[in-house]
2 protein chains.
Amino acid sequence: MKIGELAKRTGMAASAIRFYEARGLLKVASRQANGYRDYPEDAVAILAIISDAQQAGFTLDEIKQLLPADVSSWQHDELIGILRRKVADIEVLQTRLAQNKAHIQHLIQLIESKPEDMDCQLNASRVMATLGLHLEP
Amino acid sequence: MKIGELAKRTGMAASAIRFYEARGLLKVASRQANGYRDYPEDAVAILAIISDAQQAGFTLDEIKQLLPADVSSWQHDELIGILRRKVADIEVLQTRLAQNKAHIQHLIQLIESKPEDMDCQLNASRVMATLGLHLEP
DNA sequence: GATAAAATTAAAGCTAACTTGAAGGTCAAG
DNA sequence: CTTGACCTTCAAGTTAGCTTTAATTTTATC
């Protein structure tokens with residue numbers, strides 16, 4: 001499969017695929033007689049993994065660790081370690097997001113419960129005060 | 001207060017504070033006779049808001065919308081709109097994070113439940129297959 | 001055989017959010 | 001009056017993750 005087809009099948013830009021190769025995420029593709037890269041079917045799955053891992057919040061460098069050139073060389077413990085750490089990271093993010101969401105909702109409440117006769121200036125100050133008081137831990 | 005003190009009190013670098021001013025997030029600071037920036041106490045609170053908003057996932061441009069130079073000019077409806085959109089964004093993120101977490105945990109399960117006599121190669125393939133089958137929507 | 005579509009490379013460009021560096025003014029201490 | 005900490009500006013550098021451009025070759029199509 002040439003890079004164009006691989007690009008279409010993965011939804012990635014050919015430039016991105018070459019970029020991944022340059023970064024060492026993809027093992028260097030074999031070449032056809034004309035010099036064009038020639039990919040095996042597997043490449044689609046590997047790029048899918050890269051794309052998924054990225055959506056899961058892994059950086060390209062982390063993904064590189066996760067995907068040694070030789071798939072059979074995956075290190076059980078190392079892999080598990082990386083995955084566990086990522087779960088921990090996600091949990092931290094979840095907590096932060098929940099706090100931020102609660103916070104913003106609190107702000108919305110505050111702003112909406114503004115007495116109709118309160119002027120903008122005062123309301124703004126009230127909001128400011130709240131931000132100052134509650135946003136920081 | 002000079003920029004150095006403000007930096008210390010907010011935990012930000014002076015360069016970052018100047019950067020925010022250049023980006024229009026902070027109103028241009030008044031100057032002392034010698035040309036040094038001179039900040040009022042309020043600046044600490046404003047920088048705290050910027051920092052918090054950032055942690056909440058707002059970009060500097062969004063924060064700029066949230067923080068008009070003149071606090072009293074906050075537009076009720078506009079502000080509410082921005083906040084609601086941010087809550088929606090956070091909810092999308094929460095869903096994705098939950099999915100990613102579940103996914104990674106599933107992988108950990110798969111890898112850990114590997115029969116002791118299965119060789120690495122096979123296990124790797126199994127993991128690969130799982131990734132291919134389940135990571136994409 | 002002429003085009004157009006697709007491939008190659010290396011290098012430069014882009015966005016975000018800053019930091020760093022250069023070159024220099026200001027100020028308190030000794 | 002010199003040293004060093006702190007301030008100024010402006011320009012350029014940094015990291016991530018790609019994209020764009022340019023110059024060139026190959027392949028497919030009319």
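In what follows, every chain begins at residue 1, and chains take the letters A, B, ... in the order their sequences are listed. Keep in mind that what you see is a predicted model, and the values were worked out from it rather than measured.
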Legend entry - A/Leu6 CG to C/dA6 P, straight-line distance once rounded to whole Å: 15 Å

Inset, instruction - Can you tell me the distance, in whole Å, between the CE atom of B/Met1 and the C1' atom of D/dC6? - result: 16 Å

Legend entry - Length of the CD-P vector between B/Glu5 and C/dA28, whole Å: 15 Å

Inset, instruction - May I ask you to decide whether B/Glu62 forms a salt bridge with B/Arg23, counting only side-chain N to carboxylate O separations under 4.0 Å? - result: no

Legend entry - Cationic N near anionic O, under 4.0 Å, B/Lys27 to B/Glu21: no

Legend entry - d(CZ, A/Arg18; P, C/dA7) in whole Å: 7 Å

Inset, instruction - Please report the shortest heavy-atom distance between A/Lys2 and A/Tyr36, naming the atom on each side. - result: CD-CD2, 3.6 Å

Legend entry - Over all atoms of both residues, closest heavy-atom pair of A/Leu60 and A/Phe19: CD1-CE2, 3.6 Å

Inset, instruction - Look at the side-chain heavy atoms of Ile, Leu, Val, Met, Phe, Trp and Tyr, link any pair under 4.5 Å apart, and say whether B/Met12 and B/Leu26 land in one connected group. - result: yes

Legend entry - Protein-nucleotide distance (A/Tyr39, atom OH; C/dA6, atom P), rounded to Å: 16 Å

Inset, instruction - Determine yes or no for a side-chain-to-main-chain donor-acceptor pair under 3.5 angstrom, with B/Thr10 supplying the side chain and B/Leu6 the backbone. - result: yes

Inset, instruction - Using a 4.0 Å heavy-atom cut-off, write out nucleotides 21-30 of chain D from 5' to 3' as B (base contacted by protein), S (sugar-phosphate only) or - (no contact). - result: -----BS---

Inset, instruction - Report, as a single string ordered 5' to 3', how protein heavy atoms within less than 4.0 Å touch nucleotides 15-21 of chain C: B base, S sugar-phosphate only, - not at all. - result: --BBBB-

Inset, instruction - Give a yes/no on whether any side-chain N or O of A/Arg37 is located under 4.0 angstrom from OP1 or OP2 of C/dT9. - result: yes

Inset, instruction - May I have the distance from B/Lys8 (atom NZ) to D/dC7 (atom C1'), rounded to whole angstrom? - result: 13 Å

Inset, instruction - Supply the atom-to-atom distance A/Ile46 CD1 to A/Tyr20 OH, rounded to the nearest 0.5 angstrom. - result: 13.5 Å

Inset, instruction - Report the C-alpha separation of A/Thr59 and A/Gln54 in whole Å, then their side-chain angles, then the decisive distance to 0.1 Å, and conclude whether the side chain to side chain contact (heavy atoms under 4.5 Å, CB included) test is met. - result: CA-CA 6 Å; A/Thr59 65; A/Gln54 250 188 314; over 6 Å; no

Legend entry - Protein-nucleotide distance (A/Met12, atom CE; D/dG17, atom P), rounded to Å: 12 Å

Legend entry - Euclidean distance, B/Glu5 CD relative to B/Ile3 CD1, rounded to 0.5 Å: 12.0 Å

Inset, instruction - Would you mind reading off the distance between A/Leu47 atom CG and D/dC18 atom P, rounded to a whole angstrom? - result: 11 Å

Inset, instruction - Ignoring backbone atoms, establish whether A/Arg31 has a side-chain N or O less than 4.0 Å from OP1 or OP2 of C/dT9. - result: yes

